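Accompanying notes for the structure given below.
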Amino acid sequence: MNPGSELRILRTEALGELFSRLTASGHRLLAPVRRDGRVEFAEVSSPQEVALDYIQTTTSAKAAVFPRYEPLLRFRLRGKAADVQELPPDTRPTVLFGVHPCDAASLATLKAVFTWDSPDPYFETRLQQLTVVGLSCTRGDAYCFCTSVGGAPGDTRGSDVLLTPLDDDRFLVEILTEKGRTLAGAAPQLFAPANGEQKENRLAKITPRFGVEQVTSRLPKLFDRTEVWVEQSLRCLGCGACAFVCPTCSCFDIQDERQRYDSVRLRCWDSCGFKLFTLHASGHNPRARQSERWRQRVMHKFSYQPERLGVLGCVGCGRCSRACPVDMNLAEHVQALAEMSV
Amino acid sequence: MQALQNKARALLEAGTVQVVIGYGAGSDPERVRAVFVRRPEQTSQLIFDARCRQNLATYLLKPEVRALGKPALVCVPGTLRALLQYGVENQLTDEAVLALVVTDGAVTELPRFAAMEEYLAGLPRGLTPEQQAELDRIDSLSPAERWAFWSAELQRCVKCYACRAACPLCYCARCITDVNQPQWIPVSSDPLGNLEWNVVRAMHLAGRCVDCGSCAEACPEGIRIDLLNRVLAREALQQFGAEPGYSMRKEYALATFKPDDKEEFIR
């Protein structure tokens, strides 16, 4: 248990009341929803819509703070003058309900990237208005590897409130932050005092596959081992599926969608897996081959980001490996690198 | 499986090929993955069963794979059709790849385009009853219902281009969606951008798509892009008699004018 946290019990049947209080006070509720056999975060209004038993959504929750595309400004030509209008981000308070601890932890990585030099009002506004209600994992699958990258199925990092299902009827609630206290304060009568309940024996068992230090210390020495990267990535097709389902991938492109007189500048997701990603105007491409792009993906997450930002660029959610059309398995390949003699 | 492993071993030992590209075990029991077998002792990696559906022809144009030397390629019918279409489109020369077909525990070598044509001629063509039923269902929808169906499908597209990457016939060195002066297709995955991308891709594959289904299988969002291709394949067949990937005849449905074209879509 987190030392500073307050413990409560929330009955599953009370979620409906909590949801109506939150929506009535102007909150947007995002939660995992099952549709056609897939689970994705979507806007909900009642707990009946929420898939509380999910293992992992296809795409991550990052769109709540970093949407797949967002307009930044609009520019209109009037004769020889240009009229530029900033398009501010949506400032609606949002509750991200039922994200697993891996997704909650990813917010720290995104924040480290988006705030490391100049302020990013779009990201920061969204993060400020976001309250994270985490949901501990009671089960995982072969693709989960949070415990290899510093996470855990009941990890509280990134959550304002963490729920752990004790049985079908009750959640153990850890209120972790000021935002969490505010959220619980919206319906204080729903949160009963806890009575020594423990979450530990409810949590999924995820066996660690490698250690963070084991990877980060080896990677700089493996940079020039071209044959290693070529071998791992022979079957990689160079699409962006891994990056776009990833909760921590934060690369974006700025694009002008131009009409003759009325245009929009927007930011949209990009991926280092694409060959276009580093193509220079001269025609030169410093990462011309897929093996170089695969190396970049691994190095960025497990070497550059820890070194420069102090955070790992991976939370072990396993989405990339589930989504990959050719079964590129990140945990397997990083484990192989971690065990390589250098 | 044993026959395939033996064949691969023999081919590598004899130096007939330098790499056997096939399927091996994947991350979980439902998955397989492409393997690139270069040494006789690696041949035990090779498996073949109903899970082996990815069109491996896609890999033949990848520089790192080309660098491995002459390949043998484990083929399903869609792979063979892609190889023939590569031949038609001058992407592959005859005998550049040795196709291997596994049937009933036996391995057949198809070393030339002519042998692939002959093999494919013996297979049934056309849609399966399930595929036909899906198209009939789409056909039966009103324009408004069809628009609603495709809007719901395509709004999930995140523009990861897994469809393009998995498709053997999407091999353009510079894809139209990567051209930005002018920007033909909106880059973002907004409704317009998603519609344009998926429709443009389908149009560029009309009369070329070999219906391997790899695009839809690759899509992380489970979007049925194969249905778009299948509808256009039906049009290309009805209008121009196009059956891409069955023969080396160099007839391009959308790039060859014939006086007896029906041209019914114009009238």
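The model shown is predicted, which means the values in this text are computed figures rather than measured ones. Any value given below was found using the heavy atoms of this structure, including those in side chains, with hydrogens, waters and symmetry copies removed. So you know, we letter chains A, B, ... as the sequences are listed, proteins then strands, and number each from 1.
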Give a yes or no on this: more than 12 heavy atoms of other residues, nucleotides or ligands lie within 6.0 Å of atom CD of A/Q85.
yes
A/R76, CZ atom: more than 12 neighbouring heavy atoms under 6.0 Å:
yes
Within the supplied structure, the quantity of interest is the number of heavy atoms (other residues, nucleotides, ligands) at a distance under 6.0 Å from A/R35 CZ; does it exceed 12?
no
Looking at A/N329, A/D253, A/L234, which has the largest count of heavy-atom pairs under 4.5 Å with chain B?
A/L234
Interface moiety of B/V35 toward chain A, non-hydrogen atoms closer than 4.5 Å
neither
Okay, A/S291 and chain B: the region with an atom under 4.5 Å from a heavy atom over there is both
B/E64 portion near chain A, given a 4.5 angstrom heavy-atom threshold
both
So with a 6.0 Å cut-off around CE of A/M340, is the heavy-atom count from everything else above 12?
yes
State, to 0.1 Å, how close B/S27 and A/E332 come at their nearest heavy-atom pair, and which atoms those are.
OG-OE1, 4.3 Å
Would you say CG of A/D36 has more than 12 non-hydrogen atoms from neighbouring residues, nucleotides or ligands within 6.0 angstrom?
no
If every non-hydrogen atom of A/C239 is compared with every non-hydrogen atom of B/A162, which pair is closest and at what distance?
CB-CA, 3.4 Å
Does B/Y59 form a side-chain contact (heavy atoms from CB on, under 4.5 Å) with A/L237? I'd like the steps, not just the answer.
CA-CA 8 Å; B/Y59 288 115; A/L237 293 170; 3.8 Å; yes
Partner of B/S188 under side chain to side chain contact (heavy atoms under 4.5 Å, CB included), chosen from A/Q255, A/E70, A/E257:
A/E257
Find out whether B/R33 and A/V326 are in side-chain contact, i.e. whether some heavy atom of one side chain is under 4.5 Å from a heavy atom of the other.
no
Going by an N to O cut-off under 4.0 Å, is there a salt bridge joining A/E231 and B/R38?
yes
Name the region of B/L68, side chain, backbone, both or neither, that has any atom closer than 4.5 Å to a heavy atom of chain A.
side chain
Most contact-rich option vs chain A, by heavy-atom pairs under 4.5 angstrom, among B/D190, B/N180, B/L192, B/V32, is B/D190
Give the member of A/Y143, A/F274, A/W269 that has the highest number of heavy-atom pairs under 4.5 Å with chain B.
A/Y143
For chain B, find which of A/A142, A/G240, A/S321, A/G37 contributes the most heavy-atom pairs closer than 4.5 angstrom.
A/G240
Spell out, as yes or no, whether a donor-acceptor pair under 3.5 Å connects the side chain of B/K62 to the backbone of A/R289.
no
Tell me whether the count of non-hydrogen atoms from other residues, nucleotides or ligands lying under 6.0 Å of CD in B/E41 goes above 12.
yes
Part of B/Y161 within contact of chain A (heavy atom distance under 4.5 Å)
both
Determine all donor-acceptor pairs shorter than 3.5 Å in which one atom belongs to a side chain in residues 215-222 of chain B; sequence neighbours excluded.
| unit_1 | atom_1 | unit_2 | atom_2 | d |
| --- | --- | --- | --- | --- |
| B/E217 | OE1 | B/R53 | NE | 3.4 |
| B/E217 | OE1 | B/R53 | NH2 | 3.2 |
| B/E217 | OE2 | B/R53 | NE | 2.7 |

Side chain from CB out, backbone as N, CA, C, O: work out which of these in A/C320 comes under 4.5 Å of a heavy atom of chain B, or both, or neither.
neither
Identify which part of B/T58 has an atom lying under 4.5 Å from any heavy atom of chain A, answering side chain, backbone, both or neither.
side chain
Minimum heavy-atom distance between B/G26 and A/D327, given as atom pair plus value
CA-OD2, 3.1 Å
Could you give the distance from CG (B/N194) to OH (A/Y69), rounded to the nearest 0.5 Å?
8.0 Å
